[in-house]
Amino acid sequence: MKAFKNWNARSIAMAVDLARQARADGQSVSFAGGGTDLLQLVKDHIPNRPGQGEPDVLVSLKGIDGPSRIEMTTGGGVTIGALATLTAVSESLVVRDRFNAIAEAAAVVATPQIRNVGTVGGNLAQRPWCWYFRNGFPCYKAGGDRCFSAGGENQLHAIFGGGPSYIVHPSDLAPALVAFGATFRIAGSGGERTVSAPDFFVPPRTDAQHENVLADDEVLVGVDVPAPAAGTRSTYHKIMDREAWTHALSSAAVVMQMDGDVCRRASIVLGGVAPIPWRVPEAEALLAGQRVTPELARRVGEVAVTGARPLAKNAYKVPLTRGVVERTVLALASRA
Amino acid sequence: MSASWVGGGVPTSPLSTSSLGVGTPTSPSAAPRQTPSQSVPQLAPMRTVGHGVPRIDAVERVTGQAGYTRDLRREGMLFARLLTSPHPHARIVSIDTSRAVALPGVRAIVSHFTHPDIVYSSGSIAGGAQYNDTAKDNTLHKRYMFGNPVRYVGEPVAAVAAVDRHAAEEAARLITVEYEELPFVLDVEEALAPGAPQIWPEGNIGLNGQNQPRPLGGRQGDPEAGFAAAHRILEGRYTTSFAQDAQLEPRSVLAEWEGDKLILHTPTQGISNCRHDNARDLGLEDHQVQVICHYMGGGFGDKNGSYYHDLIAATLARETSTPVKLEVTRKEDWLGTHGRWHTTQDLRVGFTNDGVVTAIQQRAYSGMGPFLRRSGGLSGIDAYACPNVDRQIYPVHTNRTVSGNMRAPSEPQGFFPIQSLMDDVAYAVGMDPVDFALRNMRRPTEQVRFTNYSLEECIARGAELFDWRNRWRPTPGADAGPIKRGAGFAFMMFRSGVGPSSAILRLDGTTGRCTLFVGVTDIGPGAKTTMALIAAEELGASLDQVDVVWGDTDRCPYSVGESGSRTTIMTGYAVVEAARDLKRQIAERGTPGTSEVLIASATPNPSTQGRQRLCFGAHFCEVEVDVQLGHVRVTKFVAVHESGRILNPLPARDQIRGAVLQGISMALKEDLLYDARNGQPLTAGYYGARHLTHLDAPQIEVEFIETDDGFGPFGAKTVGEAGIIHSPTAVGNAIYNAIGRRMKDLPITRARILEALA
Ligand SMILES: Cc1cc2nc3c(=O)[nH]c(=O)nc-3n(C[C@H](O)[C@H](O)[C@H](O)COP(=O)(O)OP(=O)(O)OC[C@H]3O[C@@H](n4cnc5c(N)ncnc54)[C@H](O)[C@@H]3O)c2cc1C
């Protein structure tokens with residue numbers, strides 16, 4: 001791997017400043033959380049920021065204290081610092097109690113070792129795991145001008161929202177956060193800004209190279225999840241090629257506000273099937289005000305995949321996703 | 001004699017030194033070993049072997065004290081890195097190293113242009129017979145340390161030695177190679193089509209020992225008459241995928257020269273073969289090469305003998321007169337060593353309505369990559385008694401990565417297709433697959449005798465343990481609901497041949513300890529411990545009275561190498577004979593006094609006098625298939641094996657479990673995917689190849705039927721490879737029983753199941 005400098009930031013402001021200085025000196029910079037993903041990219045000589053060279057400098061955020069906390073807000077929501085580890089999220093009583101899908105999503109990421117070190121910020125900002133990108137192809141995601149999966153090996157690729165890039169968003173946390181309507185706090189040279197979850201993730205038609213709105217000099221500071229309405233329950237269901245240590249082939253984060261056995265509102269966000277966490281509003285609408293029967297769950301599953309546009313080698317993801325949605329909706333509704 | 005090393009302090013039946021005399025039976029093993037016996041359900045227990053002891057080096061290993069090759073350091077040593085081919089097939093026009101040489105810390109760069117003549121002889125062998133010098137000399141398809149043209153992505157092009165890892169790696173990236181890209185081919189059938197890119201001037205069929213492009217296999221009996229006599233014929237096309245050996249420890253080599261002697265620390269399964277091949281490739285005598293491998297992180301065949309890494313490190317060390325350690329990345333290891341050959345197979349089976357197989361035909365292509373590192377053969381059909389067989393197996397060259405021996409090299413990808421088709425035949429004639437196997441499996445005959453035969457017992461015991469009659473569905477796919485259960489069965493027989501090896505025992509009168517010198521390494525099954533157990537048993541000593549010296553060609557005698565499941569049988573038997581020699585000497589001269597030593601040795605080359613010596617096994621698997629999500633879960637797996645006497649039940653059981661898991665992984669997960677447009681591999685490494693994880697591993701119930709056929713050490717047979725041979729088939733047959741769809745392509749992924757059911 002290329003030799004690089006590691007600078008430990010003590011505050012977010014310092015991190016932003018260190019990055020600016022390095023950039024002013026003509027160096028390529030990356031922010032590092034746990035480094036579980038970033039260091040592998042460095043070892044494989046894959047650009048972390050599209051269009052930039054391998055990092056000369058890593059600005060490590062690990063030593064910053066504040067953003068590693070997970071705290072309940074006065075309104076009953078939760079603030080999850082970007083430096084919180086995935087293990088901390090999965091074990092947080094607040095998250096488990098009120099935002100179960102987020103805890104379940106964190107708990108099925110990769111492996112225990114990666115979850116102990118990997119952070120929320122790194123999980124949300126991780127680069128795609130498309131085998132073309134990870135094998136060094138000069139694709140959009142590396143700063144190039146092609147997607148190799150379109151006419152190639154696309155078994156793991158997008159069935160929704162693809163083009164011109166067909167990656168799937170790799171984060172398990174992302175669908176759960178979108179389903180809960182989280183907002184993202186971002187700090188950069190120009191100060192702080194807040195972005196809603198659907199605006200944080202960027203479809204390839206808008207920007208084929210980046211997966212989110214973070215600029216090169218911006219740090220994700222934390223995620224704020226609003227208080228759920230009374231009667232809300234949630235779950236995250238992930239399908240993989242094996243039981244651990246790999247990303248979702250298809251997943252569903254489902255949040256339902258229940259009133260007895262009637263579903264008042266539902267949000268359903270899919271993972272592993274689109275370049276961004278993929279919301280299925282028509283399927284959600286079917287549930288509003290309804291008693292959830294097996295027959296309704298089946299229709300919800302069907303409607304969830306009506307817009308699917310599979311590629312040559314990933315048609316199996318359509319029945320798979322239909323099944324995941326059907327099962328997850330039914331299981332959540334019948335949970336005591 | 002000082003401390004009573006023989007028998008002293010051993011609570012279980014201590015032996016007095018006098019009992020070590022000639023001809024005094026100390027154990028059942030000392031009975032004449034020439035008489036083959038029938039399988040004995042209950043063997044009389046022995047003193048030391050058979051009781052389940054932890055490995056003698058377990059503590060060193062789990063506490064991190066064991067020094068693996070990568071841990072080794074030498075004062076001032078250099079680090080080496082490879083530059084590998086990014087193209088599946090290309091001619092190297094030029095290599096410009098000027099920028100790399102200019103980098104501070106770079107000491108040497110070697111490539112095809114600096115060393116065009118060093119042949120890596122065990123990497124491409126006419127006929128693929130790995131221990132045959134003539135075939136290595138004769139092959140028309142010479143493989144070089146650095147080849148030109150390059151024929152697969154990942155083939156080494158150059159190597160750099162520098163003062164640290166960063167400099168070596170950066171320098172490798174600063175080398176500019178000009179390539180002329182050549183047409184490439186990835187598919188075995190396309191490679192044989194007219195007009196296919198030619199990887200060798202002789203064409204793309206692997207050459208046999210006489211350099212002829214002939215298929216393996218051959219004819220037996222009268223296949224045409226057999227098919228004519230059949231009431232029905234079933235046929236099918238099957239594919240099996242490339243599976244990397246995927247051992248945890250990637251290759252690394254530390255090479256140092258003392259004058260004109262080369263010392264190679266290298267992870268190899270066979271130090272003797274590794275020494276011999278490196279010596280011949282570097283123009284040295286065997287005694288000028290010392291190969292040392294004390295601890296190894298797994299092999300599975302990937303570490304048989306020598307590898308080009310040894311040659312590169314040795315060359316760099318010679319160029320720089322400095323010790324050089326070559327290390328590779330996981331990806332370089334995955335693509336640059338080898339894995340199980342993938343296959344495409346067309347099979348036909350003729351049979352009568354009462355379920356007797358009358359003829360079998362096989363047309364198969366084994367994908368070998370650009371070099372014939374090993375044979376490309378396929379077994380499985382030979383497990384049936386059918387006398388009329390027509391087999392043609394073409395080892396085919398492609399521009400994929402190289403194939404070679406992985407745990408039971410020709411077996412699982414040979415057994416899966418034929419035993420899947422035989423399963424179909426059983427259903428077609430309305431027979432239970434177990435009854436069908438009992439009717440058609442191979443048995444000893446007047447012409448071909450076995451040292452013993454226990455397949456029936458294995459099958460009967462397995463069926464009972466598994467509760468086959470209740471778990472197997474006479475109508476496949478009959479379960480209601482999205483989650484369907486099914487049961488599958490497969491059987492095997494596999495070589496357990498005897499052969500030559502050596503062992504030395506030294507009894508030191510001063511210390512009172514016995515030292516065993518054996519040329520084994522320890523790739524995982526615990527060979528060191530097994531050898532010590534065998535010596536202790538035969539000597540009537542306790543295990544802790546025997547020290548083992550292993551893994552060093554300068555200190556240990558020849559051993560066959562830990563491949564082909566031979567170490568316990570061959571080297572273990574040499575240990576028995578050496579111990580008998582020692583006992584004879586003690587009987588003649590008495591035990592050695594202070595400052596005296598006794599040295600005993602043996603190089604037996606036993607024979608079964610024309611009888612076949614095989615191990616046997618039956619696997620029973622139950623799966624649950626979620627037809628909505630395409631998920632397969634193995635819910636029960638019973639493996640019953642006859643591997644002769646089990647010398648150490650702890651690792652033996654683990655060997656079967658590990659092999660079964662590897663087989664399940666092969667059945668359901670592993671592949672190496674290529675992009676057909678550019679010949680690039682996409683899924684190298686554990687993440688991409690999707691091996692099973694601990695969470696995917698089901699409980700595997702293992703039972704041994706123990707026998708002593710009079711051969712090997714106390715009757716021990718093959719264990720290490722036995723468990724992977726038929727486990728993928730048991731899984732595939734169970735999936736068929738669950739869903740009623742025959743999955744003919746490995747791996748049976750979620751995607752393939754959903755597509756089959758769509
Ligand atoms: C083998 C393997 C399997 C995996 N499987 C899964 C999986 O199943 N599901 C899943 O969701 N994830 C998976 N991951 C990804 C894993 O979750 C991430 O590696 C981890 O969460 C990243 O956290 P980190 O703190 O180590 O990030 P780093 O490696 O430090 O950084 C990752 C990326 O995020 C950027 N970054 C990090 N922190 C910030 C920040 N605060 N602001 C802005 N940018 C930042 C970095 O520059 C880099 O681009 C897997 C990873 C591996 C290695």
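Note on naming: letters A, B, ... go to the chains in the order of the sequence lines (proteins, then strands), and numbering restarts at 1 for each one. In this text, all values refer to a predicted model and were calculated from it rather than measured experimentally.
- Listed options B/Glu755, B/Arg752, B/His694, B/Lys669 were ranked by heavy-atom pairs under 4.5 angstrom with chain A; first place goes to B/Lys669.
- For a residue to count as touching a neighbouring chain, one of its non-hydrogen atoms must lie under 4.5 Å from one of that chain's; by this rule B/Leu754 touches chain A with the side chain only.
- With respect to B/Arg251 and B/Glu332, no salt bridge is recorded, no charged nitrogen being found less than 4.0 Å from a carboxylate O.
- No salt bridge links B/Arg677 with A/Glu153; every basic N to acidic carboxylate O contact stays at or beyond 4.0 Å.
- The list of side-chain hydrogen bond (donor to acceptor under 3.5 Å, both in side chains) pairs with a residue in residues 293-302 of chain A, not counting sequence neighbours, reads A/Glu295-A/Arg298, A/Arg298-A/Glu302.
- Within the 4.5 Å cutoff, the side chain of A/Phe137 has no heavy atoms near those of the A/Trp131 side chain.
- Proximity to chain B (any heavy atom under 4.5 Å) is shown, for A/Gln40, by neither the backbone nor the side chain.
- Both the backbone and the side chain of B/Tyr686 come within less than 4.5 Å of a heavy atom of chain A.
- Below 4.5 Å, heavy atoms of chain A meet heavy atoms from B/Asp626, B/Gln628, B/Leu629, B/His631, all part of residues 623-636 of chain B.
- A pairwise comparison of heavy atoms in B/Arg485 and B/Asp479 identifies N-OD2, 2.9 Å as the closest pair.
- Proximity to chain B is absent for every atom of A/Ala315, based on heavy atoms less than 4.5 angstrom apart.
- A donor and an acceptor atom, one from each side chain of B/Thr239 and B/Thr344, are nowhere located under 3.5 Å apart.
- A salt bridge is defined here as a Lys NZ or Arg NE, NH1 or NH2 lying under 4.0 Å from an Asp or Glu carboxylate O, and B/Arg81 with B/Glu327 meets this definition.
- Neither the backbone nor the side chain of A/Val318 has a heavy atom closer than 4.5 Å to any heavy atom of chain B.
- Taking a cutoff of 4.0 Å between a charged side-chain nitrogen and a carboxylate oxygen, A/Lys2 and B/Glu170 do not qualify as a salt bridge.
- If you measure heavy-atom distances from A/Arg322 to chain B, you find no contacts under 4.5 Å at all.
- A distance-only check finds no donor-acceptor pair linking the side chain of B/Arg690 to the backbone of A/Thr246 [under 3.5 Å].
- In this pair, B/Tyr687 and A/His247 present their aromatic rings perpendicular. The plane angle is above 60°, beyond the 30 to 60° band.
- Here A/Asn135 is the residue among A/Asn135, A/Thr111, A/Asn314 with the most heavy-atom pairs under 4.5 Å with chain B.
- Both the backbone and the side chain of A/Phe148 come within less than 4.5 Å of a heavy atom of chain B.
- Neither the backbone nor the side chain of B/Ala758 comes within contact range of chain A; no heavy atom of the residue lies under 4.5 Å from a heavy atom of that chain.
- Taking the charged nitrogens against the carboxylate oxygens, A/Asp172 and A/Lys238 do have a contact shorter than 4.0 Å, which makes a salt bridge.
- Only the backbone of B/Pro681 comes within contact range of chain A, judged by heavy atoms closer than 4.5 Å.
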